[in-house]
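Bear in mind that the values here come from a model prediction, so they are computed numbers and not experimental data. The sequence lines fix the lettering, A, B, ..., with proteins before strands; numbering per chain opens at 1. Excluded from the calculations below are hydrogen atoms, water molecules and symmetry mates; all remaining heavy atoms, backbone and side chain alike, are included.
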Amino acid sequence: MTDDVLLRSLARLPRARPDEDCDRRILRRCHAALARRQHPAPTERRGAGELLPAAASIVGLVVLYFADVIRLYR
Amino acid sequence: MDRETELSLVERLRDGDTAAFDAVHAEFNARVFSFLLRLSRRRDVAEDLLEETWLRLVRHSARLRADTQFERWLFTVARNLYVSYCRSRFIEDSSAADLLSLWPCPSEIPSPFEATAATELERRIEAALARLPARMREAVILVGIEGFQPSEAAAICGVTPEAMRQRLSRARSMLESTLDVGARSTRPLLTEVIP
């Protein structure tokens, strides 16, 4: 074994490749992740129409509570 | 990949350009996989870690620094993922502990590269490389095979340049004795490849 042979052999040790299924899976998952970054899924937002009844209920309860309190102290 | 092209790809990847990702993947995929395969000596582990490395790049793509060097970034992440893998397997598999151990211990797991070596010399080198303790093996792979400077390899492995030089020196000695090449003919050669 000469120095030149060992030097060239170490520097030229082959590189392996993952199998094609692995490559395809990686690309698919990464592309999907990039697409999600570009177009994030809209978060569910409750419209004002859905919030109003709930808000009205809360306000009503608060009014009734303070009405009771006022009646007690009269 | 020239630096100008790389900087352009960084900018495009930060904007989420899929074609930029494909270009980076095409450039570095085989190198990162080979690095992981020589470290882990298991194809299934190397493929899983490779996938996670690329997913990390995608997840961090928006926060990449404008002067990012993909080569160093990818090898650092790949190496860190391998260390995490070793930590998670420490209790289950003592052979995965050599990267974490204080004392270097020869490895008994052969490399997949041995079976596919084209020549007897290549097979002997791969066998000698596979039997190095993990810390020395990663040093030789990064500097001797992947062409990093010792200071760059030190940054990738999270050690000081002096510690990396010591690992390379010990690795050189172990390779010499394993390959059974005369000291006079091998030392200057390996010193040239592994400073």
Side-chain angles (χ1 to χ4, degrees), chain A residues 1-70, chain B residues 13 15-18 20-22 25-26 29-38 43-44 46-48 50-55 57-59 61-62 111-113 116-122 124-126 129 140-141 144-147 175 179-182 185-190 192-194:
Chain A
M1 183 193 307
T2 65
D3 286 357
D4 280 348
V5 171
L6 184 56
L7 174 62
R8 282 200 302 272
S9 297
L10 192 58
R12 285 200 322 232
L13 286 177
R15 297 209 171 98
R17 290 200 60 85
D19 70 26
E20 287 182 11
D21 284 345
C22 175
D23 258 348
R24 277 195 290 270
R25 184 177 67 246
I26 288 172
L27 288 172
R28 188 173 60 247
R29 288 190 69 186
C30 289
H31 288 174
L34 281 168
R36 280 197 295 277
R37 244 195 68 188
Q38 295 295 92
H39 305 288
T43 53
E44 277 195 44
R45 292 177 181 277
R46 301 182 67 182
E50 291 183 46
L51 287 173
L52 271 176
S57 300
I58 293 170
V59 169
L61 283 171
V62 171
V63 167
L64 285 173
Y65 172 77
F66 280 106
D68 274 345
V69 170
I70 293 169
Chain B
L13 190 58
D15 292 336
D17 186 344
T18 304
F21 174 82
D22 288 349
H25 178 266
N29 193 47
R31 288 183 62 194
V32 176
F33 178 69
S34 294
F35 172 63
L36 288 168
L37 188 57
R38 283 197 170 94
R43 199 170 183 88
D44 56 338
E47 286 181 349
D48 285 347
L50 178 71
E51 182 172 345
E52 185 56 31
T53 301
W54 287 115
L55 284 172
L57 178 63
V58 168
R59 286 188 212 121
S61 57
S111 161
F113 288 90
T116 58
T119 65
E120 173 62 18
L121 174 60
E122 210 173 273
R124 287 174 59 200
I125 293 174
E126 292 286 4
L129 198 55
V140 172
I141 295 169
I145 299 174
E146 295 299 336
L175 280 175
L179 287 170
D180 195 29
V181 177
S185 66
T186 308
R187 183 169 291 278
L189 168 66
L190 286 177
E192 196 174 332
V193 175
I194 311 170

Query raised in the report: Does any heavy atom of chain B fall under 4.5 Å from the side chain of A:R17, the backbone, both, or neither of them?
Result: both
Query raised in the report: Which bit of A:C22 comes within less than 4.5 Å of chain B, counting heavy atoms only: side chain, backbone, both or neither?
Result: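 Contact with chain B is through the side chain of A:C22 alone.
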Between [X] and [Y], what is the shortest heavy-atom contact and its length?
| X | Y | answer |
| --- | --- | --- |
| B:L129 | A:L13 | CD2-CD1, 4.3 Å |
| B:S34 | A:A16 | OG-N, 2.6 Å |
| A:R37 | B:V58 | CD-O, 4.4 Å |

Query - Derivation of the side-chain contact (heavy atoms from CB on, under 4.5 Å) call for B:H25 and A:D23 - result: CA-CA 10 Å; B:H25 178 266; A:D23 258 348; 3.8 Å; yes
Report task. Output yes when A:R28 and B:E51 qualify as a salt bridge under the 4.0 Å nitrogen-oxygen rule, no when they do not. Result ->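 Salt bridge between A:R28 and B:E51, a charged N being under 4.0 Å from a carboxylate O: no.
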By a 4.5 Å heavy-atom criterion (distance strictly below it), what part of [X] contacts chain A: side chain, backbone, both, or neither?
| X | value |
| --- | --- |
| B:E52 | neither |
| B:L55 | both |
| B:D15 | backbone |
| B:A62 | both |

Requested in this report: Could you check A:I26 against B:E47 for side-chain contact (heavy atoms from CB on, under 4.5 Å), going step by step and ending with a plain yes or no?
Outcome: CA-CA 9 Å; A:I26 288 172; B:E47 286 181 349; over 6 Å; no
Query raised in the report: From A:D19 CG over to B:R43 CZ, what is the distance, rounded to the nearest 0.5 angstrom?
Result: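 Going from the CG atom of A:D19 to the CZ atom of B:R43 covers 6.0 Å.
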Requested in this report: With the side chain counted from C-beta on, respond yes when B:D22 and A:H31 share a heavy-atom pair under 4.5 Å apart, and no when they do not.
Outcome: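 B:D22 vs A:H31: side chains touch.
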Report task. State, yes or no, whether a side-chain contact exists between B:F21 and A:L27 at a heavy-atom distance under 4.5 Å. Result -> yes
Report summary line: Max heavy-atom pairs within cutoff under 4.5 Å with chain A, candidates B:A30, B:S61, B:A46, B:G16, goes to B:G16
